[in-house]
Amino acid sequence: MPATGKTAQNGPARVRFAPSPTGELHIGGVRTALFNYLLAKNTGGQFILRLEDTDRNRLVEGSIDSIYDSLRWLGLDWDEGPDIGGPYGPYVQSENVSTGAYAAAAEKLITGEFAYECDCTPERLERVRERQKATKQAPGYDGHCRTRSRDELAESRSAGNDIVVRLKVPRTKTATFEDAVRGRVSIKYQDISDFVILKSDGFPTYHLAHIVDDDAMKITHVLRGEEWLPSVPRHLLIYEGLGIERPVYAHLPVILAEDKSKLSKRHGAVSALEFRDEGFLPDALFNFLALLGWSPGHDKEVMDRDEIASLFTLDRVKEAPAIFDRTKLEWMNGQYIRNLSLDSLTDAALPFLEKGLPAHVARPVDRDRVRPLLAMTQERMKYLTEAPEAIELFFEDSISPAPEEIIQKKMDAASTAAALESSLQILRGFEPFEVEPLEARFRELATQLDLKVGALFGSIRVATTGRRIAPPLFDTLVALGREKTITRMEAAIESLKAVAG
Ligand code: GLU
């Protein structure tokens, strides 16, 4: 078989992401979109979105919106597509059926004797399958209609029979082609039978449709999941039959979970929108996904979009499966959260706060009020979903921690109550009520009371926040304000006294 195709990556690339709207956009699909986008950016080319919806039985309502939302959220903006148009539309395959483009391509293949019409009934195909099973032959179409004349088929059509178009597969041959990721690949035709390219309702199958469209849209590089690699021999036959040059192929490595099984729901979030809803930043996911099957050639992992795009070339795409390391993604998200300006963090966190803060907090959430609170937790946040929990303590009227939580090591209820009493006296009149002076004064108090700083601060922390781990103590007290701090301290002292008896 001819191994035609542009193998060098030079000049602006025209690439496409061509999802089928059959459900939520899975992370594997997003990675494919991303690599296409990056190649377009790297070469100053175009990134095209095309919807492949010819398999009408598999359509899932809402998935087109989910595709748009996922790509937009990640900032993978397309240059041409169904919603914005472009010079080579339609960008939705079902809309291209009525233009006759696919039927014309099928006709050309029939005329060139690369394809033929077939009116075999489902019953006949079933009998063939059973016979193959009984005689332990590989399943597949037996070529029954290959030798029938077009007149015969025209007659069959007039009689109301369903006619499909099948491609002739040379089963004794081997397809050899170059893949930009895998190098030279050889696949035998022996397991491929004459397959359908045009269905009886005039809809093309994927194999024909994507080739007609890629050609019409002047696609230079096809980057897609490696599950399509075994189909390449079929595609080469179609290119040959149509007399057109194929694009550069780059089959991207599969993404596996850490246990090396296929990444699925049981491993956690798998669709882009789930990651969004779990509080990941689009920039972090963008960066993380770029490293799933591609390497920049150095060890630096946190890179912004432009840097990644400037380094992205196909020769750095790896062949081996990419492992989805969730811990690394969490770490990376934390890095991105830390690097946000406080305003950007506030903007990103607001939708999560609207949803997650207790009902008694006024809506819409007061941006100016939460901004300084977020500043305190920014260092420790790994997901935006942690924001409500991290700051809700500032909105509660009372927090009522259990006395045993307030009591620190080597202390009891009475000594803790006494320490908090002394603290309360200071808090009532201390000026200025600011972080550094407060901290200095309370360190002094620990010495005066002969307590470990950690023990004193720990009791105050639990008394005022209800938590052992909270943002830095005096930042917290200042954010709470003197009044709330005092009320909480008073309540804590009461509860300790009740236990002390
Ligand atoms: N519609 C195909 C899919 O969703 C696209 C494959 C390709 O990129 O050619 O997997």
Side-chain angles (χ1 to χ4, degrees), residues 5 13-40 45-60 62-68 70-71 76 78 80-82 88 90-97 102 105 177 179-182 185 187 195-197 199 203-239 242 244-255 262-263 270-272 289 293 314 317:
R14 274 183 67 81
V15 290
R16 82 308 193 268
F17 177 52
S20 300
T22 53
E24 287 244 306
L25 195 51
H26 188 275
I27 209 68
V30 179
R31 197 272 316 259
T32 298
L34 173 63
F35 280 25
N36 275 289
Y37 172 89
L38 288 170
L39 187 66
Q46 289 90 34
F47 173 57
I48 292 143
L49 177 63
R50 180 173 77 220
L51 295 175
E52 300 205 326
D53 60 346
T54 58
D55 194 346
R56 308 305 284 172
N57 298 325
R58 291 181 58 225
L59 300 188
V60 173
S63 37
I64 297 183
D65 285 337
S66 142
I67 290 166
Y68 286 155
S70 306
L71 298 179
L76 302 182
W78 47 100
E80 297 165 29
Y88 304 103
Y91 294 88
V92 181
Q93 284 185 329
S94 59
E95 291 172 15
N96 206 12
V97 173
Y102 306 122
F177 56 96
D179 182 275
V181 175
R182 282 141 220 278
V185 180
I187 301 176
F195 57 97
V196 175
I197 54 171
K199 292 180 272 186
F203 271 68
T205 58
Y206 162 71
H207 303 300
L208 178 65
H210 87 279
I211 289 174
V212 170
D213 288 347
D214 284 347
D215 184 53
M217 295 177 183
K218 303 198 177 342
I219 298 302
T220 59
H221 296 68
V222 166
L223 277 60
R224 61 186 168 192
E226 72 171 85
E227 68 274 15
W228 291 111
L229 194 67
S231 297
V232 171
R234 299 170 189 242
H235 304 161
L236 297 181
L237 295 173
I238 299 177
Y239 279 111
L242 293 176
I244 53 181
E245 198 183 10
R246 73 167 174 87
V248 175
Y249 280 133
H251 287 88
L252 310 177
V254 65
I255 302 174
K262 202 168 160 256
L263 193 63
V270 283
S271 80
L289 289 180
L314 291 179
V317 176

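Computed from a predicted structure; not experimentally measured. Counting begins at 1 with the first residue of the sequence. When a ligand or atom number is given, it counts from 1 through the structure's own listing order.
- Under 4.0 Å is where a charged nitrogen must lie from a carboxylate oxygen, and between Glu52 and Arg16 no such pair does.
- Put simply, the residue from Arg14, Arg50, Arg246 that forms a salt bridge (Lys or Arg N to Asp or Glu O under 4.0 Å) with Asp214 is Arg50.
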Distance dump, ligand 1 polar atoms to protein, N/O, under 3.5 Å:
{"residue": "ligand 1", "atom": "1 (N)", "partner": "Ala18", "partner atom": "O", "Å": "2.8"}
{"residue": "ligand 1", "atom": "1 (N)", "partner": "Ser20", "partner atom": "OG", "Å": "2.9"}
{"residue": "ligand 1", "atom": "1 (N)", "partner": "Glu52", "partner atom": "OE1", "Å": "2.6"}
{"residue": "ligand 1", "atom": "4 (O)", "partner": "Ser20", "partner atom": "N", "Å": "3.3"}
{"residue": "ligand 1", "atom": "4 (O)", "partner": "Ser20", "partner atom": "OG", "Å": "3.4"}
{"residue": "ligand 1", "atom": "8 (O)", "partner": "Arg16", "partner atom": "NH1", "Å": "2.7"}
{"residue": "ligand 1", "atom": "9 (O)", "partner": "Arg16", "partner atom": "NH1", "Å": "3.4"}
{"residue": "ligand 1", "atom": "9 (O)", "partner": "Arg16", "partner atom": "NH2", "Å": "2.8"}
{"residue": "ligand 1", "atom": "9 (O)", "partner": "Tyr206", "partner atom": "OH", "Å": "2.4"}
{"residue": "ligand 1", "atom": "10 (O)", "partner": "Trp228", "partner atom": "NE1", "Å": "3.2"}

Margin query: With ring-ring contact (aromatic ring centres under 6.0 Å, His included) as the criterion, how do Trp78 and Tyr91 come out once you've worked through the C-alpha distance, each side chain's angles and the decisive distance to 0.1 Å?
Written below: CA-CA 12 Å; Trp78 47 100; Tyr91 294 88; over 10 Å; no
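- Among Ile64, Asp53, Leu51, Ile67, the one residue that satisfies the side chain to side chain contact (heavy atoms under 4.5 Å, CB included) test with Pro82 is Leu51.
- Atom CG of Leu34 is separated from atom CZ of Phe47 by 8.5 Å, given to the nearest 0.5 angstrom.
- For the residue pair Asp213 / Tyr102, a side-chain donor-acceptor distance below 3.5 Å is found, with atom types taken as modelled.
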